[in-house]
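Have a look at the structure below before the remarks.
Whatever order the structure lists them in is the order used to number ligands and atoms, beginning at 1. One is the number of the first residue; the rest follow in order along the sequence.
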Amino acid sequence: MKIGIIGTGYVGLVTAVGLSELGHEVTGTDIVEEKIDMASRGITHIYEPGLDQMLKKNLKQGNLSFSSNLNKTILSSDVLFVCVGTPQREDGSADMSFVEEVSRKVAENLNAYKLVVEKSTVPVKTSMWIKRTISLYKKSEIDFDVASNPEFLREGSAVSDFLNPDRIILGAETDKAKDILKKIYEKFKDRILITNIDTAELIKHASNSFLALKISYINLMSEMCEKTEADVEQVAKGMGFDPRIGPLFLRAGLGYGGSCFPKDIRALTKIGEDLGINMNLLKEADRINLERISVYVEKIKKALWILKDKKIAVLGLSFKPETDDIREAPSVKVIQELIKEGSFLRLYDPKAMENMKEVFPEEQPQLLYAKSSYEAAKDANALLFITEWDEFKKLDLRKVKEVMANPIIIDGRNIFEPVTVRELGFEYYSIGRK
Ligand code: NAD
């Protein structure tokens, strides 16, 4: 069985490498030649721990290859995993134009039975549209199936998530499609849930929206903590002991970002509203999340009073640790606000600086990219923590204090213990704690 991966971004590249690691013969394809060129040479265009080594290993073994020729990849594959982007449109709905484009390409190149698998996060009922599109554009009577196999990997631990999944959701209609998918995921047969396609599509959106909801919930509680003597870290800990709640995704902070949660919660809201369902629950979670930025900027103002001409060190640019992804990262919005206020910023991140330079070019007079946290902190009137990289947790805060103009920390991720930092002589502000 030959597998083609269409779209080798964060999900597609990990899927291509992961499926080849499971022993399958895989070809990855993308419209961006540079990504294909790099992957063919064993270089990943994204930072993802462990991916580089596994890519090199499978290229060498010969069961993984890359091609920028989409038509050829479709022609030579039995199974096609669609991993293209499904970004947000202005009205909140998912932009399905890349998926439609790929469906037409599949139709044009349908030379034998193919199973088309949606791996991208798509609205419920998308498979019906893919099926219709392929049927409309195909030039022969050749049979095909469409199935859904949503991806649950997390950036930063994508390789281990792919190789140790907690569940494999397979939405399929025909026995043939089910059998093919079961064979591909044979290794994880104890974790497979087979559903109809609508259900599989909805499981992904429902999962992401629920996680987003959980984060917004604890952030709402953090506001309550700030107005009382409660401590949000302990509230979360106390809640998390209850197995019905669980400890994960109860970290108060600057809210969720990234290319998934913000767009997925809005897409599900739009899908529900189009179906006549009141989706205010999800709208509120989104509102609470968006509000995190202004609440945080107010904290900075509370510490510095006037932001104009203040030197501010910004540590952590990626939307979460262990990734270089800055899509919908809270850092972008915080930086925009501070630039508007007239502050001078020194930015630092272990992996996301190159991506950030595309959003805020180095030439911009109000900002400077530092080579380390200490360089960013030099002469700063305040130090912001936006992403909780391990590297920041290990900082020598005494050294940081020595180089700063004013020892003020505004920690957006509750990285440090307030008592410890204050004992070192810092003025310390965090989220939902005194
Ligand atoms: P991405 O933007 O990194 O990758 C998409 C890739 O598709 C790009 O490389 C793009 O060049 C390519 N592409 C677009 N049109 C194409 C075409 N016609 N032919 C071939 N390639 C084409 O996006 P991503 O983060 O990998 O996400 C992809 C999908 O997976 C989205 O629906 C997303 O919601 C979902 N998802 C993402 C994650 C994540 O953590 N990033 C996790 C689970 C699910």
Side-chain angles (χ1 to χ4, degrees), residues 4-18 27-39 44-49 51 66-74 77 80-89 93-109 116-123 126 130 133 148-162 165-169 200-201 203-209 211-212 256-268 318-329 355:
I5 307 293
I6 306 178
T8 55
Y10 282 86
V11 165
L13 189 59
V14 174
T15 303
V17 173
T27 304
T29 183
D30 201 286
I31 38 168
V32 180
E33 295 253 358
E34 197 192 345
K35 292 185 185 176
I36 293 304
D37 182 50
M38 286 176 77
T44 56
H45 69 276
I46 51 170
Y47 169 71
E48 190 58 55
L51 190 60
F66 292 89
S67 160
S68 54
N69 190 331
L70 176 59
N71 295 340
K72 220 167 136 187
T73 305
I74 296 171
S77 302
L80 293 157
F81 281 84
V82 181
C83 303
V84 297
T86 50
Q88 188 192 311
R89 281 156 43 107
S93 64
D95 180 349
M96 300 304 291
S97 55
F98 300 117
V99 174
E100 199 245 11
E101 200 181 314
V102 167
S103 308
R104 278 191 280 130
K105 286 281 179 209
V106 172
E108 286 164 21
N109 294 286
V116 180
V117 187
E118 311 162 343
K119 206 165 220 345
S120 302
T121 303
V122 296
T126 295
I130 296 179
T133 306
S148 165
N149 166 223
E151 183 50 61
F152 296 97
L153 61 77
R154 296 161 300 173
E155 286 176 26
S157 56
V159 173
S160 84
D161 288 347
F162 191 91
D166 27 57
R167 79 281 216 197
I168 298 286
I169 304 294
E201 290 168 339
I203 285 172
K204 175 65 191 178
H205 262 149
S207 301
N208 273 7
S209 298
L211 293 172
Y256 55 81
S259 68
C260 293
F261 288 1
K263 83 165 169 61
D264 289 350
I265 200 168
R266 288 173 204 147
L268 188 57
S318 56
F319 85 93
K320 66 173 186 177
E322 294 299 326
T323 178
D324 60 352
D325 197 350
I326 56 157
R327 292 178 288 183
E328 292 269 339
N355 284 341

[X] heavy atoms, cut-off 4.0 Å: which ligand 1 atoms fall inside?
{"X": "F98", "answer": "15 (N)"}
{"X": "K263", "answer": "33 (C), 34 (O)"}
{"X": "I6", "answer": "19 (N), 20 (C)"}
{"X": "V32", "answer": "11 (O)"}
{"X": "E155", "answer": "39 (C), 40 (O), 41 (N)"}
{"X": "S120", "answer": "29 (C), 30 (O), 32 (O)"}

Does a side-chain heavy-atom distance below 4.5 Å link [X] with [Y]?
{"X": "F162", "Y": "E151", "answer": "yes"}
{"X": "D324", "Y": "Y10", "answer": "yes"}
{"X": "E155", "Y": "K320", "answer": "yes"}

Proximity of [X] to ligand 1 by residue part, where a heavy atom lies under 4.0 Å:
{"X": "I46", "value": "neither"}
{"X": "C83", "value": "backbone"}
{"X": "R327", "value": "side chain"}
{"X": "K105", "value": "neither"}

What protein heavy atom sits nearest [atom], and how far away is it?
{"atom": "atom 37 (C) of ligand 1", "answer": "V11 CG2, 3.2 Å"}
{"atom": "atom 35 (C) of ligand 1", "answer": "T121 OG1, 3.4 Å"}
{"atom": "atom 3 (O) of ligand 1", "answer": "Y10 N, 3.1 Å"}
{"atom": "atom 29 (C) of ligand 1", "answer": "V84 O, 3.5 Å"}
{"atom": "atom 4 (O) of ligand 1", "answer": "G9 CA, 3.2 Å"}
{"atom": "atom 18 (N) of ligand 1", "answer": "E101 OE2, 3.5 Å"}
{"atom": "atom 5 (C) of ligand 1", "answer": "G85 N, 3.6 Å"}
{"atom": "atom 32 (O) of ligand 1", "answer": "T86 OG1, 2.5 Å"}

Practice problem: Measure from the side-chain N and O atoms of T323 to the backbone N and O of G156, and report whether any donor-acceptor pair falls under 3.5 Å. | Solution: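 No.
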
Exercise. With side-chain contact (heavy atoms from CB on, under 4.5 Å) as the test, would you mind laying out the steps for T86 and M96 before giving the verdict?
Key: CA-CA 6 Å; T86 50; M96 300 304 291; 4.0 Å; yes

Self-check item: K204 bridged to E118 by N-O distance under 4.0 Å
Solution: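 Answer for the salt bridge query: no.
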
Self-check item: Pair E108 + R104: basic N to acidic O under 4.0 Å
Solution: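 Judged by the 4.0 Å cut-off on N to carboxylate O distance, E108 and R104 do not form a salt bridge.
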
Quiz prompt | Stepwise side-chain hydrogen bond (donor to acceptor under 3.5 Å, both in side chains) test for D95 and S97 | solution = CA-CA 6 Å; D95 180 349; S97 55; 2.7 Å; yes

Self-check item: T29, any N or O under 3.5 Å of ligand 1 N or O
Solution: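 No, no N or O pair falls under 3.5 Å.
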
Quiz item: Among I326, I46, D325, which residue meets the side chain to side chain contact (heavy atoms under 4.5 Å, CB included) test with N355?
Solution: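 That would be I326; it is the only one of I326, I46, D325 passing the side chain to side chain contact (heavy atoms under 4.5 Å, CB included) with N355.
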
Self-check item: Residue pair T133 / A107: nearest heavy atoms and the distance that separates them
Solution: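 That closest heavy-atom pairing would be O-CB, 4.5 Å.
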
Quiz item: Are there more than 12 heavy atoms of other residues, nucleotides or ligands under 6.0 Å from atom CZ of F152?
Solution: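 Counting neighbours around CZ of F152, more than 12 heavy atoms of other residues, nucleotides or ligands fall under 6.0 Å, so yes.
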
Self-check item: CZ/R154: more than 12 non-hydrogen atoms of other groups inside 6.0 Å
Solution: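 Open: at most 12 neighbouring heavy atoms sit under 6.0 Å from CZ of R154.
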
Exercise. May I ask which of I31, V122, D30 has a heavy atom nearer to atom 9 (O) of ligand 1 than the others do?
Key: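 Looking at heavy atoms only, the winner is D30.
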
